[in-house]
Q: 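Let me give you the structure first, and then I'll get to my questions.
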Amino acid sequence: MSSDKDRDSASSSGPEIATPTTSGPPSPQLTASQQYPAAPPSGENHHHILILLSLIYPATIVLGSLFSIISPIGQSASYFSRKNNIFNVLFVKIGWFWTTAAFLVHIANLRHPNATHARSKALIRWGLATLAWILVTQWFFGPPLMDRTFTGTGGACRPNYAVQPSSLAIKAERASTSAACKGAGGKWDGGHDLSGHAFMLTHASLFLWAETLPRLVDSMWRGTIGPRNISPLMAEWFGVHWFVWGILGLWWWMLLMTSVYFHTWPEKVSGWLVALFEWGILYAYMIPLNPQARQWFGTPTV
Ligand SMILES: CCCCC/C=C\C/C=C\C/C=C\C/C=C\CCCC(=O)SCCNC(=O)CCNC(=O)[C@H](O)C(C)(C)COP(=O)(O)O
Ligand SMILES: Nc1ncnc2c1ncn2[C@@H]1O[C@H](COP(=O)(O)O)[C@@H](OP(=O)(O)O)[C@H]1O
């Protein structure tokens with residue numbers, strides 16, 4: 001947790017680390033009489049809330065996996081147990097695109113006094129999250145980390161000689177990524193197959209929570225504890241936050257479906273654990289505790 005010293009230095013080191021406590025000018029949607037009289041929750045409170053929110057994801061994996069063992073519903077096929085369900089194909093399969101789009105809508109609407117600076121720091125944090133996603137799922141100096149984990153634990157692409165033409169079977173035999181294996185009609189078989197869905201959905205959700213929480217909390221505060229007028233809150237939610245809430249809700253549901261219908265326990269848990277890595281270093285450790293890191297990467301803000 002931040003010490004007082006850290007907080008002091010945080011509040012004196014430039015606009016990028018400004019918290020909603022003192023920084024934001026009044027929202028254009030709010031009249032003077034609707035302005036809040038005291039401070040909304042501080043950066044330290046955001047940090048506590050963020051850590052609590054991060055527990056949603058292991059809880060979802062545990063609950064979904066238990067449900068798949070205990071309930072007959074979890075053991076039978078459903079729309080969501082189909083890989084080609086529309087939410088999987090149109091959203092999760094290009095999930096980083098949707099996460100990026102929601103993030104861009106969020107930063108386009110920042111009301112920080114130095115919004116340009118706050119946006120450029122936010123884009124650097126997005127770059128780091130994107131880099132983590134690329135290394136785990138797309139490319140790591142060749143096959144991505146999740147495919148290297150698979151082959152490193154004894155997995156391989158097994159061709160189906162009985163039904164495949166020999167040229168494709170040879171291609172499958174040589175495939176070192178799950179995408180190449182699938183493309184050649186082989187079976188990605190035998191190793192630890194870290195769940196790309198558990199990774200991506202958790203990683204993307206934690207990124208979005210960390211980036212948007214100060215603004216979400218500030219909007220709620222304005223609409224409830226602050227001025228007792230629901231319309232600014234509604235305007236904020238429907239004007240700015242609906243996309244973020246929609247993506248967070250869909251990612252949570254799809255993680256639950258992955259937990260109920262796909263993969264083994266260790267594969268889902270490893271996907272979740274790897275998703276904590278970049279988020280944990282940047283948002284749970286460096287930004288709250290290290291003033292130098294706040295200079296480099298800024299702090300999510302309103
Ligand atoms: C390191 C510092 C860099 C700093 C960079 C700073 C600034 C950047 C500046 C500007 C950016 C501006 C705009 C960007 C706009 C759009 C970018 C969109 C980025 C995308 O993400 S496009 C790619 C879409 N693809 C996906 O989302 C694929 C997601 N799917 C998967 O990863 C996998 O399918 C899976 C892991 C979910 C499941 O795998 P399988 O089981 O199916 O194998
Ligand atoms: N919530 C979900 N809905 C539909 N399909 C899912 C899913 N979670 C995982 N899958 C599918 O299960 C397979 C393994 O997923 P992952 O390793 O990413 O967790 C992938 O199949 P395909 O690769 O054949 O599409 C993926 O699409």
Side-chain angles (χ1 to χ4, degrees), residues 1-2 6-30 35-36 38-54 99-130 204-226 232-233 235-237 239-245 247-248 278-302:
M1 240 25 57
S2 308
D6 288 339
R7 282 283 148 229
D8 289 344
S9 71
S11 56
S12 63
S13 53
E16 80 277 14
I17 48 82
T19 69
T21 318
T22 53
S23 60
S27 158
Q29 293 145 353
L30 301 178
Q35 295 309 308
Y36 45 78
S42 70
E44 184 147 354
N45 290 331
H46 294 150
H47 184 226
H48 293 144
I49 299 170
L50 188 60
I51 301 291
L52 279 177
L53 285 169
S54 73
T99 303
T100 302
F103 164 75
L104 291 177
V105 169
H106 165 70
I107 61 167
N109 285 285
L110 287 182
R111 59 167 120 82
H112 192 274
N114 189 350
T116 308
H117 191 250
R119 274 183 203 117
S120 62
K121 296 287 182 182
L123 280 172
I124 291 174
R125 297 190 298 274
W126 172 84
L128 292 174
T130 302
S205 303
L206 291 177
F207 167 72
L208 276 183
W209 276 123
E211 285 298 327
T212 60
L213 193 68
R215 180 69 183 264
L216 296 177
V217 168
D218 189 66
S219 299
M220 279 191 210
W221 192 87
R222 282 167 187 267
T224 52
I225 302 153
L233 178 71
E236 283 265 298
W237 279 34
V240 181
H241 303 320
W242 63 272
F243 199 0
V244 170
W245 281 118
I247 293 293
L248 281 170
E278 183 264 348
W279 175 85
I281 293 176
L282 186 64
Y283 295 101
Y285 178 68
M286 287 179 80
I287 289 179
L289 294 175
N290 185 330
Q292 183 66 54
R294 285 197 287 276
Q295 294 279 359
W296 292 337
F297 305 119
T299 296
T301 186
V302 290

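The first residue of the sequence shown is numbered 1, and numbering continues consecutively from there.
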Q: Hey, could you give me the CZ/CH2 distance between Phe207 and Trp126, rounded to the nearest 0.5 Å?
A: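 Output value for this atom pair is 8.5 Å.
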
Q: Are side-chain heavy atoms of Trp279 and Leu50 found at a separation under 4.5 Å?
A: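 The answer is yes; the side chains approach within 4.5 Å.
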
Q: What's the separation between atom NE2 in His46 and atom OG1 in Thr212, rounded to the nearest 0.5 Å?
A: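 Result: 10.5 Å between the selected atoms.
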
Q: Hey, could you give me the CG/CG distance between Leu104 and Leu123, rounded to the nearest 0.5 Å?
A: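 Between atom CG of Leu104 and atom CG of Leu123 there are 7.0 Å.
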
Q: Who pairs with Thr99 by side-chain hydrogen bond (donor to acceptor under 3.5 Å, both in side chains), at least two apart in sequence or on another chain?
A: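 For Thr99 the side-chain hydrogen bond (donor to acceptor under 3.5 Å, both in side chains) partners, ignoring immediate neighbours, are Trp251.
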
Q: Return the set of residues passing side chain to side chain contact (heavy atoms under 4.5 Å, CB included) with Ala115 (not counting sequence neighbours), or none when no residue passes.
A: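 For Ala115, the residues satisfying side chain to side chain contact (heavy atoms under 4.5 Å, CB included) (neighbours in sequence not counted) are Arg119.
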
Q: What are the two closest non-hydrogen atoms of His112 and Thr301, and how far apart are they?
A: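 So the two residues come closest at CD2-OG1, 3.3 Å.
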
Q: Excluding sequence neighbours, so at least two apart, what forms side chain to side chain contact (heavy atoms under 4.5 Å, CB included) with Val105?
A: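 So Val105 forms a side chain to side chain contact (heavy atoms under 4.5 Å, CB included) with Asn109, Phe243.
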
Q: Got a second to check how far His47's NE2 is from Leu289's CG, nearest 0.5 Å?
A: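 With rounding to 0.5 Å, NE2 (His47) is 6.0 Å from CG (Leu289).
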
Q: Could you point out which residue of Leu216, Leu248, Leu213 forms a side chain to side chain contact (heavy atoms under 4.5 Å, CB included) with Leu208?
A: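 Result: among Leu216, Leu248, Leu213, Leu248 is the only option passing the side chain to side chain contact (heavy atoms under 4.5 Å, CB included) with Leu208.
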
Q: Which heavy atom of Arg294 sits nearest to which heavy atom of Ile287, and what is that distance?
A: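 What the structure gives for the nearest pair is NH1-O, 2.6 Å.
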
Q: Looking only at non-hydrogen atoms, find the nearest pair between Pro300 and Pro214 and report the distance.
A: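 That would be O-CG, 3.5 Å.
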
Q: Excluding sequence neighbours, so at least two apart, what forms ring pair (Phe, Tyr, Trp, His ring centres under 6.0 Å) with Trp245?
A: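 Result, ring pair (Phe, Tyr, Trp, His ring centres under 6.0 Å) vs Trp245: Trp209, Trp237.
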
Q: Indicate the atoms forming the closest heavy-atom contact of Val244 with Ala102, along with that distance.
A: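 Smallest interatomic distance, heavy atoms only, reads CG2-O, 3.9 Å.
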
Q: Could you grab the distance from atom CD of Glu211 to atom CZ of Arg125, nearest 0.5 Å is fine?
A: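 Rounded to the nearest 0.5 Å, the CD-CZ separation comes out at 4.0 Å.
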
Q: How far does CG of Asn290 sit from CD1 of Ile281, to the nearest 0.5 angstrom?
A: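 Spacing of CG (Asn290) from CD1 (Ile281) equals 12.5 Å.
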
Q: Measure across Met286 and Phe297 and return the closest heavy-atom pair with its distance rounded to 0.1 Å.
A: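 Taking Met286 first and Phe297 second, the nearest heavy atoms are CE-CE1, 4.0 Å.
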
Q: Using a 4.5 Å cut-off on heavy atoms from C-beta on, say whether the side chain of Arg215 contacts that of His241.
A: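 A side-chain contact under 4.5 Å exists here.
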
Q: Can you tell if the side chain of Arg111 reaches within under 4.5 Å of the side chain of Asp218, non-hydrogen atoms only?
A: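 Yes, at least one pair of side-chain atoms sits under 4.5 Å.
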
